[in-house]
Amino acid sequence: MTASKSIYLETLPPDLDRDALPAHIAVIMDGNGRWAKRQGLPRFMGHRRGVDALKDLLRCCKDWGVGALTAYAFSTENWGRPLEEVEFLMALFERVLRRELQEMMAEDVKIRFVGNLKALPPSLQDEIARSMDDTKDNRGIQFTVATNYGGRQEILNACRAIASRVKEGTLHVEQIDEAVFEQNLYTAGLPAPDLLIRTSGEMRISNFLLWQMAYAEIYVTQTAWPDFDRTEFHRALLSYQQRDRRFGKVKM
Ligand code: IPE
Ligand code: IPE
Ligand code: MG
């Protein structure tokens, strides 16, 4: 990358409208394995490079003024992968969290994990709890990592929590509305994503944020996740800013 290009991308590119940025971006970081295969490398090398891409996207969101980023790191279905890949990913998450905590503090990042965290290795759960606690008062950017996350499971959990409140008599059936439902999702307190980015070409949601994605704009790029850089992100935001978000209404 040339010096002038990197300086240009340190701040919001001038062809983007600062007032029309998505408040919350969700990303399905897909294609690590295919990226590695194309380079003749083992799959885990793709995951390793994927961490660098995520770090830079987080920093870029902060530099350009996007307030919330949610990344899909591991789905409830990903347990079905070969054991050595699953174990590698769990160890990678733990190592990266430990390594990056100081920098997240310095950059004012508030990190949160969503998903069924209780099923993760205990040492990873400890690292997760520590990072969430240490960064809880940070305000620079809200960074959410979906780990052992499943959208259907999240919706079922919310149903169970609401049903038990009805059963114990602290909530009436008539009081169950969208706001109550959202308070019982893992993402309570976060605005719904305005933009979903999926890398590596697949046109599907893969059980990610099913409720929250109701009106997200979807952007799919053929680029594999480890190659997703600021130029790619710029392209995604340009596409987003050209959309006409009607929310079911008609333009008069
Ligand atoms: C995404 O890349 C990372 C995770 C799901 C953890 P993949 O590992 O799914 O890469 P492909 O889709 O096999 O190329
Ligand atoms: C979605 O990618 C999950 C993550 C990025 C963590 P997958 O690679 O698991 O999705 P499918 O299998 O192509 O639907
Ligand atoms: Mg994949």
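Each residue takes its place number in the sequence, starting with 1. One-based numbering, in listed order, for ligands and for the atoms of each.
Checked by atom type and distance alone, the side chain of W211 never pairs as donor or acceptor with a backbone atom of I155 at under 3.5 Å. D194 places a side-chain N or O within 3.5 Å of a backbone atom of H24 that can act as its donor or acceptor partner. In this structure, the side chain of N138 does not engage the main chain of K110 through any donor-acceptor pair within 3.5 Å.
Between F247 and Y215, the ring-plane angle classifies as tilted under the 30° and 60° cut-offs. Between Y72 and F208, the angle of the ring planes stays under 30°, which puts this pair in the parallel group of the 30/60° scheme. The aromatic rings of W64 and F233 sit parallel, their planes meeting at an angle under 30°, below the 60° perpendicular limit.
Note on E202: not counted as a metal contact of the Mg ion (ligand 3), no N/O/S atom lying under 2.8 Å.
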For ligand 2, find each of its N or O atoms that sits under 3.5 Å from a protein N or O atom, and tabulate the pairs with distances to one decimal place.
| unit_1 | atom_1 | unit_2 | atom_2 | d |
| --- | --- | --- | --- | --- |
| ligand 2 | 8 (O) | D30 | OD1 | 3.1 |
| ligand 2 | 8 (O) | R81 | NH2 | 3.2 |
| ligand 2 | 9 (O) | N78 | ND2 | 2.9 |
| ligand 2 | 9 (O) | R81 | NH2 | 3.4 |
| ligand 2 | 10 (O) | R198 | NH2 | 3.4 |
| ligand 2 | 10 (O) | S206 | OG | 3.4 |
| ligand 2 | 13 (O) | R198 | NH2 | 3.4 |
| ligand 2 | 13 (O) | R204 | NH2 | 2.8 |
| ligand 2 | 14 (O) | R204 | NE | 2.9 |
| ligand 2 | 14 (O) | S206 | OG | 2.6 |

**Study point:** Check against salt bridge (Lys or Arg N to Asp or Glu O under 4.0 Å), E202 and R198
**Key:** CA-CA 7 Å; E202 244 69 69; R198 182 166 187 151; 5.1 Å; no
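Closest N/O/S atom of D30 to the Mg ion (ligand 3): OD1.
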